[in-house]
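Being a predicted model, the structure only gives us computed values, none of them experimental. Within every chain, numbering begins at 1; the chains are lettered A, B, ... in the order of the sequence lines, protein sequences first and strands thereafter.
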Protein chains: 2
Amino acid sequence: MAASASSARSAAAAAASASASASERAYAEIRGLILAGDASPGTPLREEALADIVGVSRTPVREALRRLEAEHYASRTPGGRLVVANWDNDDVAEIFALRAMLEGHAAARAARRMTPGQLAELKFCNAAIEAAVAQPQPDIARFLAENRRFHDLILSASGSARLATMLAGLVEQAIVRRTATRYDQADLVRSAHEHGQLIQAFAAHDEDWARAVMTAHIRRALHAFQDASRSK
Amino acid sequence: MAASASSARSAAAAAASASASASERAYAEIRGLILAGDASPGTPLREEALADIVGVSRTPVREALRRLEAEHYASRTPGGRLVVANWDNDDVAEIFALRAMLEGHAAARAARRMTPGQLAELKFCNAAIEAAVAQPQPDIARFLAENRRFHDLILSASGSARLATMLAGLVEQAIVRRTATRYDQADLVRSAHEHGQLIQAFAAHDEDWARAVMTAHIRRALHAFQDASRSK
DNA sequence: GAAGACGCTAATGTATACAAAAATGCGCAC
DNA sequence: GTGCGCATTTTTGTATACATTAGCGTCTTC
């Protein structure tokens with residue numbers, strides 16, 4: 001698990017370092033440090049130290065930190081210093097509750113606007129997910145990547161930039177925590193099945209159906225996560 | 001209307017300039033320019049020009065602009081330049097829909113956690129609102145200020161920093177647009193009455209009731225706004 | 001020995017100077 | 001006369017130097 005987290009981090013950093021802007025790289029790399037657990041909750045995020053790590057000046061690091069602060073990856077001490085944020089169980093539950101509402105809303109909007117092309121993409125994407133989880137040894141990395149893509153496709157089909165930015169932070173945060181827990185294959189298969197239901201709802205352009213399936217999908221994920229945390 | 005908007009702007013700017021940080025002042029002032037309509041949609045937001053206006057250097061202006069961009073007050077051209085964002089009718093409807101969901105959720109959480117002290121504050125606040133709207137010539141500025149405070153109290157009673165930051169942008173945006181329209185006294189009275197219902201729901205610690213009243217409150221506001229826009 | 005104040009240190013906030021990229025306008029060729 | 005391409009100019013992105021403020025340890029005094 002430590003290995004998968006750290007490889008995920010270096011992969012993200014490598015992808016970002018390929019000719020992206022300095023602030024973008026700083027953002028990706030610092031977030032990676034937090035998500036991989038290299039910087040545990042409460043750790044101070046000092047601008048100069050981070051600038052050295054990323055290899056840029058303080059200016060882009062500052063921009064990255066402001067963004068991370070807005071997305072609740074970092075929080076401020078009374079004196080105005082930034083530290084890695086600490087999410088407790090209530091926070092996780094809140095994140096999932098907000099995701100359920102907002103992604104449910106996104107699904108409803110998407111159902112209204114879904115084009116045949118977008119629907120085909122979703123089907124293709126979910127086929128990949130099913131392939132990844134059907135094996136006795138599920139391909140977790142593949143599942144995470146394609147699952148992310150599936151939800152992003154719906155988000156983009158919903159056609160609301162506001163929703164997209166609001167959800168961006170929430171999805172990341174929740175996925176991270178999940179990455180840290182062990183997956184139960186049955187959960188993965190169930191997830192793919194729910195995606196299938198979503199596709200049906202989209203095909204029928206049925207807003208309420210889509211919203212309900214998405215809400216259920218995410219609330220089930222919450223409980224799967226909580227069960228995994230408890231038994232860990 | 002133009003007068004009220006511009007006085008609101010200068011008041012905000014003055015409040016901010018009183019010993020606040022440069023980035024904070026820049027944020028408040030630039031947002032003021034956008035909200036007052038001094039910078040109409042599509043107007044380029046050039047860093048150096050804004051730095052001159054605010055009287056600080058480009059660095060804090062940049063931070064302010066990133067924040068405004070994250071809150072959808074500004075959007076980027078393909079080339080990466082910032083311009084004042086243009087909200088169409090769909091955007092406004094989307095903002096209200098998101099507000100209805102998120103503030104409904106906040107109200108439900110608040111109902112669960114409401115303390116007697118917080119409840120008393122809400123009652124006091126709504127009394128001020130009722131006083132402001134009871135007169136033949138309602139005190140609009142007072143209403144807006146107290147109404148804002150009422151909703152902020154609920155938000156803080158909900159105890160979720162995530163909700164608070166998510167809603168901050170949405171509330172501002174919607175209020176601005178409303179400021180631009182003429183208020184119908186009947187709407188204001190209705191609004192105060194709905195606040196009374198909310199207080200009852202909070203007193204009973206009834207989550208579902210609170211959520212329903214809040215959702216209805218905001219959706220009515222949407223339609224009041226749309227009617228006002230049409231007949232304007 | 002404990003408590004408070006003072007001064008030092010380290011971190012953030014701000015300004016400016018420099019580099020890179022993008023828009024625009026001009027000129028040239030077709 | 002129009003369209004394309006290059007050069008100029010404007011604007012944003014990044015680095016660094018400076019100012020300010022919060023933290024923190026020590027020293028003094030009661």
Side-chain angles (χ1 to χ4, degrees), chain A residues 13 15-34 38-86, chain B residues 13 15-34 38-86:
Chain A
S17 69
S19 84
S21 76
S23 7
E24 205 61 34
R25 270 183 298 153
Y27 172 78
E29 190 141 353
I30 297 167
R31 194 184 59 174
L33 289 173
I34 297 173
D38 294 355
S40 51
T43 306
L45 293 164
R46 288 178 301 106
E47 297 175 357
E48 202 162 345
L50 292 169
D52 286 348
I53 292 172
V54 181
V56 298
S57 83
R58 269 182 57 211
T59 311
V61 167
R62 277 179 72 80
E63 280 192 7
L65 288 176
R66 300 317 252 260
R67 223 174 122 187
L68 291 165
E69 186 190 356
E71 290 167 359
H72 297 277
Y73 287 105
S75 57
R76 267 178 200 280
T77 64
R81 267 123 158 116
L82 282 175
V83 296
V84 176
N86 184 26
Chain B
S17 70
S19 84
S21 75
S23 7
E24 208 61 34
R25 272 184 297 152
Y27 172 78
E29 190 140 353
I30 297 168
R31 195 185 58 174
L33 289 173
I34 296 173
D38 294 354
S40 50
T43 307
L45 293 164
R46 288 178 302 106
E47 295 175 0
E48 202 162 346
L50 292 169
D52 287 347
I53 292 172
V54 181
V56 297
S57 81
R58 270 181 57 209
T59 310
V61 168
R62 276 178 72 80
E63 280 193 5
L65 288 175
R66 299 318 248 263
R67 223 174 123 189
L68 291 164
E69 185 191 356
E71 290 166 358
H72 297 278
Y73 287 104
S75 56
R76 267 178 201 281
T77 64
R81 265 118 159 120
L82 282 175
V83 297
V84 176
N86 183 26

> Of all nucleotides in DNA chain C with an atom under 4.0 Å from a non-hydrogen atom of chain A, which is the first and which the last going 5' to 3'?
Replying inline: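 The protein-touched segment is C/dA11 to C/dT14.
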> Once you round it to whole Å, what is the distance between C1' of D/dT12 and CD of A/Glu24?
Replying inline: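 So the CD-C1' distance, A/Glu24 to D/dT12, works out to 15 Å.
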Protein N or O to nucleotides 20-25 of chain D N or O, pairs below 3.5 Å:
residue : atom : partner : partner atom : Å
D/dG23  : OP1  : A/Gly79 : N            : 3.1

>> For a side chain to side chain contact (heavy atoms under 4.5 Å, CB included) check, start with the C-alpha distance between B/Leu50 and B/Leu33, then their side-chain angles and the critical distance, and finish with the verdict.
In response: CA-CA 10 Å; B/Leu50 292 169; B/Leu33 289 173; 4.3 Å; yes
Shortest non-hydrogen contact between [X] and [Y], atoms and distance:
X       : Y       : answer
B/Ala22 : B/Val56 : CB-CG1, 3.7 Å
A/Glu63 : A/Ser23 : OE1-OG, 3.7 Å
A/Val83 : A/Pro44 : CG1-CA, 3.9 Å
A/His72 : A/Ala85 : O-CB, 3.4 Å
A/Ala26 : A/Pro60 : CB-O, 4.2 Å

Measuring from atom [atom1] of [X] to atom [atom2] of [Y], what distance do you get when rounded to the nearest 0.5 angstrom?
X       : Y       : atom1 : atom2 : result
A/Asp38 : A/Thr43 : CG    : OG1   : 10.0 Å
A/Ile30 : A/Leu45 : CD1   : CG    : 7.0 Å
B/Ile53 : B/Arg46 : CD1   : CZ    : 9.0 Å

>> Let me test you: for the helix from C/dG1-D/dC30 to C/dC30-D/dG1, what is the angle between the axes at its two ends (five pairs each), rounded to 10 degrees?
In response: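 Rounded value for the end-axis angle: 10°.
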> In residues 40-48 of chain B, which ones come under 4.0 Å of DNA chain D, going by heavy atoms?
Replying inline: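 Those residues are B/Leu45, B/Arg46, B/Glu47.
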> For B/Glu69, what residues pass the salt bridge (charged side-chain N to carboxylate O under 4.0 Å, His left out) criterion, not counting sequence neighbours?
Replying inline: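 With sequence neighbours excluded, B/Glu69 shows a salt bridge (charged side-chain N to carboxylate O under 4.0 Å, His left out) to B/Arg76, given in chain and number order.
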> Between A/Arg67 and A/Glu24, is the closest basic N to carboxylate O distance under 4.0 Å?
Replying inline: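 Here A/Glu24 pairs with A/Arg67 in a salt bridge, since their nearest N and O are under 4.0 Å apart.
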> Got a salt bridge between B/Glu71 and B/Arg31, using NZ or NE/NH1/NH2 to carboxylate O under 4.0 Å?
Replying inline: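 The answer is no: the pair does not qualify as a salt bridge.
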> Got B/Tyr73 and B/Val84 here, is their nearest side-chain heavy-atom distance under 4.5 Å?
Replying inline: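 No. Closest side-chain heavy atoms not under 4.5 Å.
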> Is there a side chain to side chain contact (heavy atoms under 4.5 Å, CB included) between A/Ser75 and A/Leu82 once you walk through the steps?
Replying inline: CA-CA 6 Å; A/Ser75 57; A/Leu82 282 175; over 6 Å; no
> In residues 59-67 of chain B, what residues come within less than 4.0 Å of DNA chain C, judged by heavy atoms?
Replying inline: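 DNA chain C contact set from residues 59-67 of chain B: B/Thr59, B/Pro60.
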>> Would A/Glu47 and A/Arg62 count as a salt bridge (Lys or Arg N to Asp or Glu O under 4.0 Å) here? Give the steps.
In response: CA-CA 7 Å; A/Glu47 297 175 357; A/Arg62 277 179 72 80; 2.9 Å; yes
